[in-house]
Amino acid sequence: MLTNLTPQPADKILQLMQKFREDPRTDKIDLGVGIYKDASGNTPVMRAIKEAEKRLWETETTKKYTALAGDPAYGDAMVDLVLGDAVPRGRVAAAATPGGTGAIRQGVELIKMANPDATIWISNPTWPNHPSIIKYVGMKMAEYRYFDDATCGVDFDGMMADLAGVKAGDVVLLHGCCHNPTGANLNMAQWAEVVESLQKTGAVPFIDIAYQGFGDGLEEDAAAVRLVASSLPETIIAASCSKNFGIYRERTGILMTVSQDAGNKPLAQSTLAFLNRQNYSFPPDHGARLVTMILQDKVLRDDWMEELENVRLGMLALRTQLAGELQRLSGSDRFGFLAQHRGMFSRLGATPEQVERLRAEHGIYMIGDSRMNIAGLNEATIPVLAKAIIDTGI
């Protein structure tokens with residue numbers, strides 16, 4: 001049987017990581033991997049996580065299974081973090097998942113169960129796992145325009161024109177904040193127009209929010225999700241704790257469904273539990289329990305929010321410094337978009353050939369579409385990157 005297997009396409013990011021590890025240059029710069037790094041290149045464990053782990057170690061008395069949908073307290077804490085009071089809790093079903101990726105996978109499975117004929121619309125470009133999962137599950141997929149290569153901002157006119165053609169019952173996958181891979185985000189006025197378009201077409205929004213707190217702040221980054229969830233008949237939301245809690249390896253995510261009809265919640269909740277049972281049965285609990293402890297304890301929550309805010313402001317400072325250095329070297333403001341983008345990523349607007357030159361000639365690694373991880377920089381490497389960008393003719 002195993003001889004019938006065929007090679008699958010290699011993951012481009014993992015390939016890039018391998019090349020970086022094999023590069024003997026000591027001044028190489030890794031801007032490819034989508035993970036937060038501090039100025040020294042480390043991904044630290046947050047203070048509140050360390051304290052919560054200590055408390056958990058001292059007080060935990062069992063490792064028995066949680067519920068199929070995870071600990072209900074985790075669901076409550078995450079619904080509050082993402083949705084606040086935008087919708088009543090009684091209208092929200094939620095299930096813990098192995099990371100944000102697991103939430104996306106379960107969300108697509110849910111859509112297939114509910115409407116196998118639906119087309120899932122994704123932004124062009126989007127996170128590569130989105131189309132990969134949709135294709136693997138066997139759902140139809142289409143793209144809507146999103147990024148303007150000329151301005152490195154949102155092609156809002158193109159986006160709205162494409163969304164106007166979405167059919168009732170189709171699903172539109174949206175990035176809640178910190179768009180990956182571009183860093184270009186909708187403003188709230190534009191989000192209001194997206195909501196109006198979805199109301200007209202009867203499409204269902206599926207929001208991926210993986211970077212809450214990395215853009216403009218915890219509450220600000222959730223504003224679009226809350227607007228959508230409170231304005232439309234149904235909303236699906238996939239959230240991740242990997243970035244804002246720094247617990248990548250704990251695989252902590254959640255899938256939510258919101259319905260304006262509270263009578264739909266019991267069926268949605270039981271379906272989420274059923275999907276978990278078919279895939280991995282009980283979801284992992286360690287990361288979810290740490291998140292719950294932090295969000296329910298004022299001291300831990302305040303400390304977590306303070307550290308998260310420092311992370312956010314640090315990335316904004318790097319963006320400002322890089323945009324300023326490029327303006328100094330180029331004599332123009334054509335890279336000003338870097339200071340306007342939000343989150344860890346920005347798409348630089350370079351060709352694949354220019355990206356390859358950055359790697360070969362300067363030891364600077366980024367994805368072929370010129371997505372770079374701003375968190376991979378520090379004050380010392382920004383001038384190096386800026387000079388390389390100008391020397392490469394970008």
Exercise. Is there any ring-ring contact (aromatic ring centres under 6.0 Å, His included) pair reaching into residues 367-388, and which pairs are they, with sequence neighbours excluded?
Worked result: none

Problem set entry | Whether N185 side chain and H179 backbone form a donor-acceptor pair below 3.5 Å | yes

Exercise. Taking the side chain from R91 and the backbone from D261, do they hold a donor-acceptor pair closer than 3.5 Å?
Worked result: no

Problem set entry | Side-chain heavy atoms of P128 within contact of K12, under 4.5 Å | no

For this session: In sequence, state the C-alpha distance, the side-chain angles, and the governing distance for N124 and Y144, and then conclude on side chain to side chain contact (heavy atoms under 4.5 Å, CB included).
Result: CA-CA 6 Å; N124 180 15; Y144 60 87; over 6 Å; no

Exercise. Should the heavy atoms of other residues, nucleotides or ligands under 6.0 Å from NZ of K135 be counted, would the total exceed 12?
Worked result: no

Pairs under 3.5 angstrom only: tabulate donor-acceptor contacts from the side chains of residues 204-214 to other protein residues two or more places apart or in another chain.
from : atom 1 : to   : atom 2 : distance (Å)
D208 : OD2    : H130 : NE2    : 2.8
Q212 : NE2    : L81  : O      : 3.0
Q212 : NE2    : L218 : O      : 3.1

Problem set entry | From CA spacing to verdict: side chain to side chain contact (heavy atoms under 4.5 Å, CB included), R359, E356 | CA-CA 5 Å; R359 186 196 67 80; E356 176 56 26; 2.6 Å; yes

Problem set entry | ring-ring contact (aromatic ring centres under 6.0 Å, His included): pairs with one or both residues in residues 303-342, sequence neighbours excluded | F245-W304, F337-H341

For this session: Decide yes or no for N129 and I104: does some side-chain heavy atom of the first lie under 4.5 Å from some side-chain heavy atom of the second?
Result: no

Exercise. Counting only heavy atoms not in D85, do more than 12 fall under 6.0 Å of its CG?
Worked result: no

Problem set entry | Q260 side-chain N/O to L232 backbone N/O, donor-acceptor pair under 3.5 Å | yes

Problem set entry | Cationic tip of K28 above Y365 ring, under 6.0 Å, 45° of axis | no

Exercise. Hey, does M372 have a side-chain heavy atom less than 4.5 Å from the side chain of I364?
Worked result: no

Exercise. Going by the ring-ring contact (aromatic ring centres under 6.0 Å, His included) test, which pairs reach into residues 39-63, not counting sequence neighbours?
Worked result: none

Ignoring hydrogens and angles, write down the donor-acceptor pairs under 3.5 Å from the side chains of residues 381-394, residues two or more places apart or on other chains.
from : atom 1 : to   : atom 2 : distance (Å)
T381 : OG1    : N378 : N      : 2.9
T381 : OG1    : N378 : O      : 3.2
T381 : OG1    : N378 : OD1    : 3.2
K387 : NZ     : D391 : OD2    : 2.7
T392 : OG1    : A388 : O      : 2.5

For this session: Please report the closest heavy-atom contact between C241 and Y74, naming both atoms and the distance.
Result: SG-OH, 3.8 Å

For this session: Sequence neighbours left out, what pairs pass ring-ring contact (aromatic ring centres under 6.0 Å, His included) with at least one residue falling in residues 25-56?
Result: none

For this session: Please confirm whether the backbone N or O of A203 pairs with a side-chain atom of D170, one donor and one acceptor, at under 3.5 Å?
Result: no

Problem set entry | Under-4.0 Å salt bridge between R289 and E250 | no

Problem set entry | I49 vs I294 side-chain heavy atoms within contact, under 4.5 Å | yes

Exercise. Does a side-chain heavy-atom distance below 4.5 Å link Y248 with K243?
Worked result: yes

Problem set entry | Joint hydrophobic cluster, V195 plus V87, side-chain heavy atoms closer than 4.5 Å | yes

Exercise. Short question: side chain of R89, backbone of V92 - any donor-acceptor pair under 3.5 Å?
Worked result: yes

Exercise. Would a distance-only check, ignoring hydrogens and angles, find a side-chain to backbone donor-acceptor pair under 3.5 Å from R301 to L295?
Worked result: yes

Exercise. With side chains defined as the heavy atoms from C-beta onward, is the minimum distance between T201 and L163 less than 4.5 Å?
Worked result: no

For this session: Check whether any side-chain heavy atom of K64 sits under 4.5 Å from a side-chain heavy atom of F282, and report yes or no.
Result: no

For this session: Using modelled atom types only, decide if a donor and an acceptor are shared between the side chain of R249 and the backbone of I247 within a distance under 3.5 Å.
Result: no

For this session: Mark yes or no for whether D297, through its side chain, and L300, through its backbone, hold a donor-acceptor pair below 3.5 Å.
Result: yes

Exercise. Are the side chains of L275 and M113 in touch, meaning some heavy atoms are under 4.5 Å apart?
Worked result: yes

Exercise. Is the backbone N or O of G169 less than 3.5 Å from a side-chain atom of N115, with the two atoms forming a donor-acceptor pair by type?
Worked result: yes

Exercise. Donor-acceptor pair, S270 side chain versus P266 backbone, under 3.5 Å?
Worked result: yes

